[in-house]
Amino acid sequence: MSNHHWRTWVLIIFVIFAAIFNLSQSDPDSHHFRKKILMKEKVRRMFYHAYDNYMKYAFPHDELKPLTKTFTDSLSELGNLRLEHLPQNYNGSALTLIESLSSLLILGNNTEFERGVSWLSENLSFDVDARVNLFECNIRVLGGLVSAHMLAIDSRNRFSQGTYKNELLILAEDLGRRLLPAFGTPTGLPYAWINLKYGVMANETTETSTSCSGSLILEMGALSRLTGDPQFEDAALRALRKLWSLRSSMNLLGTTVDVVSGKWIEYSSGIGAGVDSFYEYLVKAYILFGKEEYWRMFQSAYVAVQKYFRHGPWYHEADMRTGHATYWQLTSLQAFWPGLQVLVGDIAAANSSHREFVKVWERFGVLPERYLLDHQMLHPTEKYYPLRPELAESTFYLYQATKDPWYLEVGESITDSLNLYTKVDGGFASVRDVSTMVLEDHQHSFFLSETCKYLYLLYDDSFLVDQNYVFTTEGHPLPVLSAWQDRLPEVYTSANYTFIQRRASAMSLQICPAMTSSTSREVDEKHESACHICDTRRDHRCLTDEDCGVDATTCRRRSCSIAGFCGLWLYL
Ligand SMILES: *[C@@H]1O[C@H](CO)[C@@H](O)[C@H](O)[C@H]1NC(C)=O
Ligand SMILES: *[C@@H]1O[C@H](CO)[C@@H](O)[C@H](O)[C@H]1NC(C)=O
Ligand SMILES: *[C@@H]1O[C@H](CO)[C@@H](O)[C@H](O)[C@H]1NC(C)=O
Ligand SMILES: *[C@@H]1O[C@H](CO)[C@@H](O)[C@H](O)[C@H]1NC(C)=O
Ligand SMILES: *[C@@H]1O[C@H](CO)[C@@H](O)[C@H](O)[C@H]1NC(C)=O
Ligand SMILES: *[C@@H]1O[C@H](CO)[C@@H](O)[C@H](O)[C@H]1NC(C)=O
C-alpha cells in the first residue's frame with residue numbers, strides 16, 4: 001500500500017470515528033442505550049460468576065464460601081446470631097439455587113431454570129431435623145419456590161410444554177405445613193424458630209421481631225391462593241392484625257415482642273433491622289391482594305414513620321411509647337425505604353434519602369452495616385457489608401419512576417465497587433470491615449436473588465413489560481393477578497381519566513400515570529403522586545391542600561385536614 005493510500009485510510013477511519021463520537025455526544029438517548037447494554041452485560045457476568053461458582057463448589061448445600069471454595073449449610077444459621085441448636089445431620093437445601101430461580105428467568109436462562117426445577121423436584125426434602133428462622137425460611141425458601149412456581153406456569157409459557165407438574169408448589173405446600181405449628185400461640189403471633197421435622201422445640205424462645213411476625217403475608221397469602229387452602233393466609237393475617245393491635249397511640253410499634261404474653265420487649269424501633277419488611281409488606285400486600293385493610297394500616301404506619309423517625313433525609317429510631325428519638329444511626333437495611341416510597345408515590349422524599357445513602361456508599365466504597373449519624377463515624381463493631389441489595393433496589397425503583405439517567409450512573413458505581421472490592425476467584429465475598437475492605441468467606445444467597453437482580457433490572461427491564469409484579473422482600477417477583485384482587489384500584493376502573501400510554505412496570509399500579517382528566521382541562525404532567533408528608537414544618541404536618549399532592553392509589557388530589565394531616569379521609 002502506498003503512503004498516500006495509507007493516509008487516506010487513516011483519514012476515513014478518523015472521520016467514521018469522529019462521526020460515531022459526535023452522534024453519541026449529540027444523542028443522549030443512544031448514549032444511555034449503549035450504556036445500558038454494556039452495564040447489563042457486566043451485571044450478567046457478575047451473576048454467573050456467583051452462580052457458577054456456587055454450583056461448582058457448594059451445590060446442593062446452602063451457600064458458597066467463595067474464599068475457600070467450599071460450602072456452608074447456613075439455612076439454620078440465618079438470624080441465629082449465637083448459633084444455637086445447630087443441626088447435626090443436615091446437608092443443605094440448595095438454598096442458593098432456590099434463590100436463583102427467578103433471577104435465571106429474568107436473565108432469560110430458561111434451560112438452567114428448568115434444570116434447577118427438575119433437580120429440586122426429585123431431590124429436595126424438608127423432612128430434615130433443622131431448626132430454622134421462620135422469617136428467613138419464609139422469604140428465602142417459601143418465597144423462592146412460590147415465585148418460581150408462578151413464573152413457571154405463567155401465560156408466557158416459559159417452561160417447556162407439559163413438563164412442569166406443579167412440583168415447586170408441592171414443595172412449597174409441604175414447607176408451608178411445616179411452618180404452620182409456629183403460629184400455635186395464645187396471641188397468634190408466631191414463634192421465631194421452628195424445627196422443620198419436629199415443630200416448635202421445647203423451651204423455644206418466645207421473643208420474636210416485628211418483621212418476623214408481620215411480614216409473612218405475601219408468601220403465605222400466595223400459597224393459599226395457589227393451593228386453595230386458606231390456612232396459610234389466615235395464620236399470617238391473624239398475626240399481622242394482632243401485631244397492629246399492639247401499636248401505641250402514636251401508631252408506632254416496637255422491635256421485639258413476646259409471642260405468648262403479647263407484651264413488647266424492645267420498645268425502640270425504626271425502619272431498619274427487625275422492622276423494615278413489616279412496612280413493606282403492608283403496602284405490597286395491598287398491591288397483591290387489593291384489601292383496603294392493608295392500605296389503611298400502611299397509611300397510618302407510614303405517616304407515623306415520617307412524623308417520628310424522619311429527620312430531613314435521615315431516619316432515626318424512636319421509642320414507640322413517647323415518640324422520642326433513641327438511636328441516631330444509619331443502617332444499611334434502611335436503604336430499602338426510598339424504594340418503598342416510590343411505590344406509594346412519594347418520589348421527592350425517596351430521592352432525597354436515596355442521595356444521602358449514595359453519599360455514604362461513595363465515601364466508603366460500599367455501605368457499612370451501621371453508621372453513627374450523631375458522631376459521623378462507623379459503628380465500632382458493625383463495619384461489615386454482606387453484599388446487601390437495598391441501595392441497588394431503591395436505585396432501580398427510582399429509575400423506573402423518574403427515568404433520570406443519574407440513577408444508571410449510581411448503578412454503575414455500585415456494580416464497579418462490587419467487582420473491585422468483593423469479586424474473588426471463587427465468587428463474591430462479603431466485606432468484613434469497610435474501613436480495610438478485608439473480606440469474609442461468605443456469599444449470601446440474597447446476592448443472587450436481589451443484588452444482581454435489581455442491578456440487572458435497572459439496565460434491562462424487559463421482564464416487566466406486560467405484567468405487574470410485586471417483589472417480595474427477598475426480591476422474588478409475584479405477578480399481580482386481577483383474580484387475587486378484592487377490588488381493583490379505582491385508577492383502573494374510573495372512566496373519567498384517559499391515560500397517556502405508559503409502559504406497564506412493577507410500579508404502574510402505584511404511581512399515578514401521567515393523565516388528563518376528561519372532565520376538566522387540567523393536565524397533571526408529573527407521574528409523581530404523593531403520600532407526601534411535607535417537611536417544611538418540624539411536625540411534618542400540612543398547612544394547605546397544596547402540601548398534600550395526589551393520592552397514590554386513587555390518583556385523586558388529597559386534602560389537608562384541620563389537624564394538619566394529608567389524606568382522602570378526615571382526621572379529627
Ligand atoms: C449428610 O451427608 C452425610 C455424609 O455424606 C451422610 O452420612 C448423611 O446421611 C447425610 N444426611 C442426610 C440427612 O441426608
Ligand atoms: C444458562 O446458565 C448456564 C449455567 O451457568 C450456562 O451454562 C448457560 O450458558 C446459560 N444460558 C444462557 C442462555 O445464558
Ligand atoms: C437428584 O440427585 C441425584 C444425586 O445427586 C442426581 O444423580 C440426580 O440427577 C438428581 N435429579 C435430578 C432430576 O437432577
Ligand atoms: C426447659 O427448661 C427447664 C428450666 O430451664 C429445664 O428444667 C428443662 O429441662 C428444659 N426442658 C427441655 C426439654 O429442654
Ligand atoms: C432529586 O434530587 C436532585 C438533587 O436535589 C434534583 O436535582 C432532582 O431533580 C431530584 N429528582 C427528582 C425526581 O425529584
Ligand atoms: C367520574 O364521573 C362520574 C360521573 O361524571 C362521577 O360521579 C364520579 O365521581 C367520577 N369519578 C371520579 C373518580 O372522579
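Just so it is clear, the structure is predicted and the values come from calculations on it, not from any experiment. Indexing begins at 1, ligand by ligand and atom by atom, following the structure's order.
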For this session: Report yes if some N/O of R355 lies less than 3.5 Å from some N/O of ligand 5; otherwise report no.
Result: yes
Exercise. Can you tell me if E63 and H442 form a side-chain donor-acceptor pair at under 3.5 Å?
Worked result: yes
Exercise. Using the benzene-type ring in the case of Trp, are the ring centres of H49 and F428 under 6.0 Å apart?
Worked result: yes
Exercise. So is there a nitrogen or oxygen of Y51 less than 3.5 Å from a nitrogen or oxygen in ligand 2?
Worked result: no
Problem set entry | Aromatic centroids of W328 and H375 separated by under 6.0 Å | no
All N/O donor-acceptor pairs, side-chain side in residues 357-366, below 3.5 Å, sequence neighbours left out:
| from | atom 1 | to | atom 2 | distance (Å) |
| --- | --- | --- | --- | --- |
| K359 | NZ | E356 | OE2 | 3.2 |
| W361 | NE1 | G365 | O | 3.2 |
| W361 | NE1 | S417 | OG | 3.3 |
| R363 | NH1 | Y371 | OH | 2.6 |

Exercise. List by chain and number: which residues place a heavy atom under 4.0 Å from ligand 3?
Worked result: S118, W119, E122, N123
Exercise. Among side-chain atoms of Y164 and H149, is any donor-acceptor pair under 3.5 angstrom?
Worked result: yes
For this session: Check for a donor-acceptor pair, side chain of Y459 on one end and backbone N or O of E412 on the other, with a separation under 3.5 Å.
Result: yes
Exercise. Is the F47 ring parallel, tilted or perpendicular to the Y51 ring (thresholds 30°, 60°)?
Worked result: parallel
Problem set entry | Ring center gap for W337 and Y279 short of 6.0 angstrom | yes
Exercise. Would one find an N or O of D52, backbone or side chain, under 3.5 Å from an N or O of ligand 2?
Worked result: yes
Exercise. Is the closest N or O pair between N351 and ligand 5 shorter than 3.5 Å?
Worked result: yes
